[in-house]
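Data first, discussion second: the structure below is written as structure tokens.
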Amino acid sequence: MRPRIDLTDSLEKIPVKIFPSPKEGSVYVANVIADLIKEKEAKGEKCVIGLATGSTPKTLYAELVRMHKQEGLSFKNVITFNLDQYYPMEANALQSYHYFMRKYLFEQTDIDPHNYFLPDGMLPKEKVKEHALEYERKIEEAGGMDLQILGIGVNGHIGFNEPGSAIYSKTRLITLDNSTRLANSHEFGNISQVPRMAITMGISTILKSKEIILMAWGQNKAPVIKKAVEDDDTEDVPASLLQNHDDCTFVIDEAAASELTRFKSPWLTGECEWTPKIIRSAVVGLALKLNKPVLSLTNNDYNDFGLSDLLTEKGDSYEINLEVYYMLRDSISGWPGGKPNTSHARHPERSTPFPKKVLIFSPHPDDDIISMGGTFMRLHDQGHEVHVGYQTSGNIAVTDEFVTRFIDFAVGFENIFGIDDTKSKKILDDATAFLNSKRSTEKDSEEIRTIKGLIRRCEARATCKYVGLNEEQIHFMNLPFYETGTIEKNPMGEEDIQLTIDLLRKIKPEQVFCAGDLADPHGTHKVCLDVVVEAMERIRTDGDKWIGDCWIWLYKGAWQEWDITEIEMAIPMSPDQVRKKRYGIFIHQSQKDSVPFQGDDNREFWQRAEERNAGTAKLYGQLGLTQYAAMEAFVRWKE
Ligand code: F6R
């Protein structure tokens with residue numbers, strides 16, 4: 001059994017190991033696996049491991065492959081059983097877990113192909129029950145699992161044991177939750193193509209493993225991690241049933257740990273250092289819970305909700321209330337580029353220089369307008385020199401129907417005006433022929449990708465023109481890491497960094513805006529942020545002077561908003577500005593009505609943006625500050 005962590009300062013019922021990043025967490029788990037393999041080998045025994053698929057274990061498998069290739073870790077002695085497989089699903093389909101495991105682990109190591117097992121997604125329904133029993137039997141025959149690796153769904157599923165799965169459940173055919181189908185729809189491009197069923201090991205199968213490690217990365221897993229480890233165990237959150245195992249550890253990154261009480265409300269789990277940030281978080285949380293403006297909180301409220309310690313340290317609730325009220329008030333500003341001719345020390349941005357050179361990095365061609373459209377327009381209207389760097393082409397998010405319309409237009413244009421250009425004719429013919437015979441799992445041809453990218457480029461340019469920018473202020477970077485033609489992108493590369501350094505050096509901005517979506521560790525937004533941070537770091541190391549005066553502000557992409565307690569700059573919007581932003585988003589017609597990779601939220605982007613901006617304004621109002629129609633929120637990036 002692995003050493004237990006000290007749980008005296010937490011409410012956690014399962015030991016949790018927290019790492020700064022998925023990479024570091026994965027290296028830890030890879031070492032546990034490597035040690036186990038060697039230990040078993042030394043005893044002349046087989047090592048039996050249960051494996052998971054999905055985005056979470058990819059970094060783990062990459063590390064195991066590295067250990068195999070560079071350190072000679074051998075898998076000859078290893079037997080593996082995968083948790084699950086979609087049903088129905090051909091073993092060789094791109095979305096099949098057979099394919100996944102072969103690609104990320106099996107074919108890159110020396111594991112014996114007779115020693116890995118996955119549920120079969122191709123059997124006729126009447127054979128599945130027998131197959132499931134056989135799967136359980138095989139695990140037992142192998143001596144039972146020594147270690148089971150798990151991921152976790154946002155609904156708490158482990159394997160595909162959806163909420164409601166019994167603690168006694170065994171390997172079986174189950175119906176996937178709609179939320180799971182939506183969450184996994186990005187693998188398929190479209191929710192309707194996601195299978196409705198899956199074969200999964202049961203909870204009891206998992207609990208029989210001698211040791212269990214559940215891994216989770218990213219902020220979107222944080223709420224379910226809290227439920228699974230802190231709340232009572234319940235079949236509604238299958239991962240919480242792991243509380244019944246005596247050698248289970250959760251290995252998670254800081255983002256996935258962020259909702260745990262010891263971080264979110266550290267004063268409830270032990271002594272804490274009352275920094276301004278923690279005070280703000282505690283008091284705002286208290287005010288929201290009691291639905292009271294901050295300035296109306298009383299000593300009793302503090303005492304009743306576990307904040308007596310803060311009162312003892314600070315004396316009186318009124319003083320604390322005021323301190324927090326001022327922090328909130330000072331985060332609101334109608335001057336995102338700084339207010340000229342003022343020396344307000346607590347204003348979020350510097351008043352000089354004015355105007356500023358501003359560079360907005362937009363991971364996809366519409367993130368600028370969706371996430372900070374109001375601020376974008378204000379910056380321009382207030383006289384700043386605003387540039388936009390569109391980091392990726394965004395080409396995979398254009399549907400085939402949409403591109404067909406444009407190809408039809410181009411063909412019609414040539415016909416009407418009698419243009420007889422053989423090169424362009426060939427391109428259009430090839431593109432049409434490709435689309436006519438394209439299979440749903442097939443990658444787009446180079447031409448189609450280029451045309452799709454062009455469509456998005458025209459939309460972005462039109463939005464910039466709508467805001468008032470001229471051609472020199474619009475920069476299409478086409479970062480190569482994105483150009484795989486599939487959902488899965490390459491890691492950031494040297495060329496991505498160099499292109500970003502070049503743009504930064506050309507503009508020498510005093511203010512940079514980036515998408516700060518740390519929620520999805522594998523997503524395009526995260527890579528786009530990493531590229532900017534690395535580029536800035538290199539420029540700093542090279543000693544460019546201007547970089548010392550450049551501030552980075554982070555906005556959240558289409559999916560989420562900052563927690564109210566974190567916001568450092570909130571830019572108010574009038575109803576008119578909200579409408580103007582909506583029209584700016586509408587320009588992105590390829591992303592309207594039916595977005596191919598929409599995730600588990602079926603609102604359109606403009607609706608998400610509006611609800612979120614109105615929500616932020618409402619929260620400020622609830623806390624006792626002026627209530628605007630909407631607000632965009634930013635956090636400053638500090639290295
Ligand atoms: C995969 C599996 C699932 C995933 C879970 C998280 O074999 O059994 O339980 O672990 O859906 O998926 P990701 O890692 O993609 O967030």
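We count ligands from 1, going down the list as the structure has it; atoms in each ligand are counted the same way. Computed from heavy atoms alone, side chains included, the values below leave out hydrogens, waters and symmetry copies.
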| Would Asp400 and Lys438 count as a salt bridge (Lys or Arg N to Asp or Glu O under 4.0 Å) if you check the C-alpha gap in whole Å, the side-chain angles of each, and the deciding distance to 0.1 Å? | CA-CA 9 Å; Asp400 292 346; Lys438 184 180 162 185; 3.1 Å; yes
| message | Ring centroids only, cut at 6.0 angstrom: are Tyr86 and Phe160 within range, meaning strictly under it? | response | yes
| query | Just one of Asn244, Asp232, Asp233 clears the side-chain hydrogen bond (donor to acceptor under 3.5 Å, both in side chains) bar with Lys13, so which one? | reply | Asp232
| note | Per side-chain hydrogen bond (donor to acceptor under 3.5 Å, both in side chains), Thr205 is matched among Lys170, Gln148, Arg172, Glu136 by Glu136
Which atoms of ligand 1 are found less than 4.0 Å from any heavy atom of [X]?
{"X": "Lys221", "answer": "6 (C), 13 (P), 16 (O)"}
{"X": "Leu83", "answer": "8 (O)"}
{"X": "Gly54", "answer": "14 (O), 15 (O)"}

Note the single closest protein heavy atom to [atom], along with its residue, its atom name and the distance in Å.
{"atom": "atom 14 (O) of ligand 1", "answer": "Thr56 OG1, 2.4 Å"}
{"atom": "atom 5 (C) of ligand 1", "answer": "His157 NE2, 3.3 Å"}
{"atom": "atom 8 (O) of ligand 1", "answer": "Asp84 OD2, 2.4 Å"}
{"atom": "atom 15 (O) of ligand 1", "answer": "Ser55 N, 2.8 Å"}
{"atom": "atom 1 (C) of ligand 1", "answer": "Thr53 OG1, 3.1 Å"}
{"atom": "atom 6 (C) of ligand 1", "answer": "Ile152 O, 3.3 Å"}
{"atom": "atom 10 (O) of ligand 1", "answer": "Gly151 CA, 3.3 Å"}
{"atom": "atom 9 (O) of ligand 1", "answer": "Gly159 O, 2.6 Å"}

| field | Check: Thr249 and Val16 side chains under 4.5 Å, non-hydrogen atoms | value | no
| With a 4.5 Å limit on heavy-atom distance, are the side chains of Met215 and Ile149 in contact? | yes
| Any N or O on Asn184 sitting closer than 3.5 Å to an N or O of ligand 1? | no
| task | Not counting sequence neighbours, which residues clear salt bridge (Lys or Arg N to Asp or Glu O under 4.0 Å) with Glu24? List them please. | result | none
| Listed partners of Glu534 passing salt bridge (Lys or Arg N to Asp or Glu O under 4.0 Å), at least two apart | Arg538
